[in-house]
Every structure is written in structure tokens, then in C-alpha cells.
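Everything on this sheet refers to the single structure shown next.
Indexing begins at 1, ligand by ligand and atom by atom, following the structure's order. Heavy atoms only: backbone and side chains are in, while hydrogens, waters and symmetry mates are out.
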Amino acid sequence: MPPRTQTSLVTGASAGIGLAFARALAARGDDLVLVARDRGRLDLVAADLRSAYGGNVRTVAADLATDAGTEQVTDVLRGQPIDLLVNNAGHGTRTSFLDTALADEDSSLDLMVRAPMRLCHAALPGMLDRGRGAVLNVASVAAFLPRGTYGAHKAWLVSFSRWLAVSSRSRGVQVMVLCPGFVRTEFHQRMGADMSGVPRWMWLESDRVVGDALADLGRGVTVSIPSRRYRLLTRLARLAPSAVAERASRQGR
Ligand SMILES: NC(=O)c1ccc[n+]([C@@H]2O[C@H](COP(=O)([O-])OP(=O)(O)OC[C@H]3O[C@@H](n4cnc5c(N)ncnc54)[C@H](OP(=O)(O)O)[C@@H]3O)[C@@H](O)[C@H]2O)c1
């Protein structure tokens, strides 16, 4: 019997880390379901991937900060077997907490907490019944430092993923949370943030982040922190929590 083709669903697949996931998964032979808001851009990505790697690439234009958009994606997850769910869509906010409109804070919470929670709730029953599958949630090293609501959302995702990993492993389903540092994508430009002060050594490339993440997933890692430098920084933050946390929060929100 020929090997079974995997199907992976990636949110935020039209740019940055999500696009790098889509490319890497298409290159290894997966069929794909790609999710983002901008339908035109998503369809261009899908056409490029089909012509480069073959395989089925389906697009779902959906806003994951809304109930209707999230339901479009949970319908897909309940309607067809998905082998790998990559919860990646996210954004940052430039203004501090009290300067951000509450509606924008709600929207960030919906996109980075409620949507991955709902997508996991839709995808996991099928995976657990089949006894195989994986979920890869994209958080951030910001999860380990007090960095406003963004860091808090990502901390929620780390905690949730660690618990899901423990509770799903014995039934053949793997859950991993990816915690990158600064990655060169559209993320900071979309926020309108000036990143000129960030030293070059702190920047990661999305293709490398994704390659390392998929290797960690293959090794059964639960919390994946790409690059030795960020693993070290994260360990230091844990060892000297108050000093590092105070410093980070002074620069943060
Ligand atoms: N870049 C970094 O330094 C960095 C570091 C750590 C963690 N992360 C995390 O990595 C993930 C990906 O970020 P990135 O850097 O790749 O950002 P990016 O280049 O700005 O790409 C974001 C992707 O998410 C989609 N998206 C945004 N809002 C959405 C919504 N409401 N509904 C559906 N899709 C939406 C965007 O497409 P549309 O605009 O068409 O919807 C795009 O495909 C995020 O969760 C982010 O928090 C990034």
C-alpha cells in the first residue's frame, strides 16, 4: 500500500512563520488547508505551493478573531481528518495596555487564546479516536516574561499546551508549543514598531525556526525554543526571575 498522505492545517499561513510552515509541510508531501483573512494572498500562496510541490492545497479565508471565522475552521477540523494542526495566526499591539482600546484587546485575546483553544477542541477528538495526530501551537519567548497582554496570552498557550501534551500523549497524539524569539516576518512592521534597536544576533529566520520546530516535533519535544541563544536567555530568565522580569516589564506594556 502506498504511504498515506498527511493533511496539515496551518493558520496564519499567508506570511511569516505560517508561510514557512506551509512551505516546509508541502515540501515533505503533506496536503494542506491554509487559513488567513486575505483570500487573494492566500490563493496566491496556494497556487505557488501546488506548482512547486504538487498535492492538494485548500484555502479558507477566515478571521480567527471572530466567532464566525473560527467556526469556519472548526467545521473543517470536524469534517475531515487533519493530522497536524498548526495554531500560528497572531499579532502584536504597539500601544500599552491602558492606551489600547478594549475592543482591540478583546480581539487579540480572541485571536491568540480563544481561537487556538477552540481549534484544539475541534481537532483533538478525531485525532484521539484515530490514535494519531499532532497539534503545534505557536507561542513566544514573551510567554516567560511579563510583556503585557501579549505575553500573558502566550503564557496561557504554553500552559494549556503542556497540559494537553501530557493528557494526549498516551493516546498517540502529540502536542508541542513553539516559543520563538524575534523572527524576521511582517509581525513588527504590521504593529508599526521600530525594531532598529534590536541587535542582529537576536533575529531568527522563519525557515530555520520552522525546520527546527518540525525536528523537535519529530523528537517528541513539548516546549520548543528555537536556537541555543534563546534557550539560554529563557533559562536565565527562569533562574533570575525578579531582576529579569522587572527589567523586561519596564520596557514592556
Ligand atoms: N515574528 C516574531 O518575532 C514572533 C516571535 C514570537 C512569536 N511569534 C508568533 O508567531 C506567529 C506568527 O507571526 P508572524 O511573525 O509570522 O506574523 P506575520 O508575518 O505578521 O503573519 C501573521 C499571519 O497571521 C495571519 N493573521 C493575522 N491576523 C489574523 C486573523 N485575525 N485571522 C486569521 N489570520 C490572521 C496573517 O494573514 P492575514 O493578515 O491575511 O489574516 C498572516 O498570515 C504569531 O502567533 C506570533 O505571535 C512571532
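The shell of residues lying under 4.0 angstrom from ligand 1, judged by heavy atoms, excludes G69. In this structure, R184 does not count as a contact residue of ligand 1, since none of its heavy atoms falls inside 4.0 Å of the ligand. Residue contacts with ligand 1 do not include S107, since none of its heavy atoms lies under 4.0 Å from the ligand. Residue H91 places no heavy atom under 4.0 Å from ligand 1.
Below 3.5 Å of separation, one finds an N or O of Y150 facing an N or O of ligand 1. The N/O atoms of L64, backbone and side chain alike, include one that comes under 3.5 Å of an N/O atom in ligand 1. For ligand 1, one of its N or O atoms has an N or O atom of G12 under 3.5 Å away. Among the atoms of S140, none of the N or O lies under 3.5 angstrom from an N or O of ligand 1. Among the atoms of A36, none of the N or O lies under 3.5 angstrom from an N or O of ligand 1.
S8 and D30 form a side-chain donor-acceptor contact under 3.5 Å, judged by distance and modelled atom types alone.
Between atom 35 (C) of ligand 1 and the options S206, G92, A89, A115, the minimum heavy-atom separation is to A89. In this comparison of R41, R190, E186, the heavy atom closest to atom 36 (C) of ligand 1 sits on R190. Considering only non-hydrogen atoms, atom 45 (O) of ligand 1 lies nearest to N88 out of T11, I17, N88.
Salt bridge status for R50 with D48: absent, with no side-chain N to carboxylate O gap under 4.0 Å. Between R130 and D83 there is no salt bridge, since no side-chain N of the basic residue sits under 4.0 Å from a carboxylate O of the acidic one. In summary, R58 and D31 do not engage in a salt bridge, as defined by a charged side-chain N under 4.0 Å from a carboxylate O. Salt bridge present: E186 and R41 bring a charged side-chain N and a carboxylate O closer than 4.0 Å.
Classification of the H188-W203 ring pair by plane angle, with boundaries at 30° and 60°, yields perpendicular.
Within the 3.5 Å criterion, the main-chain N or O of M117 finds no donor-acceptor partner in the side chain of H121.
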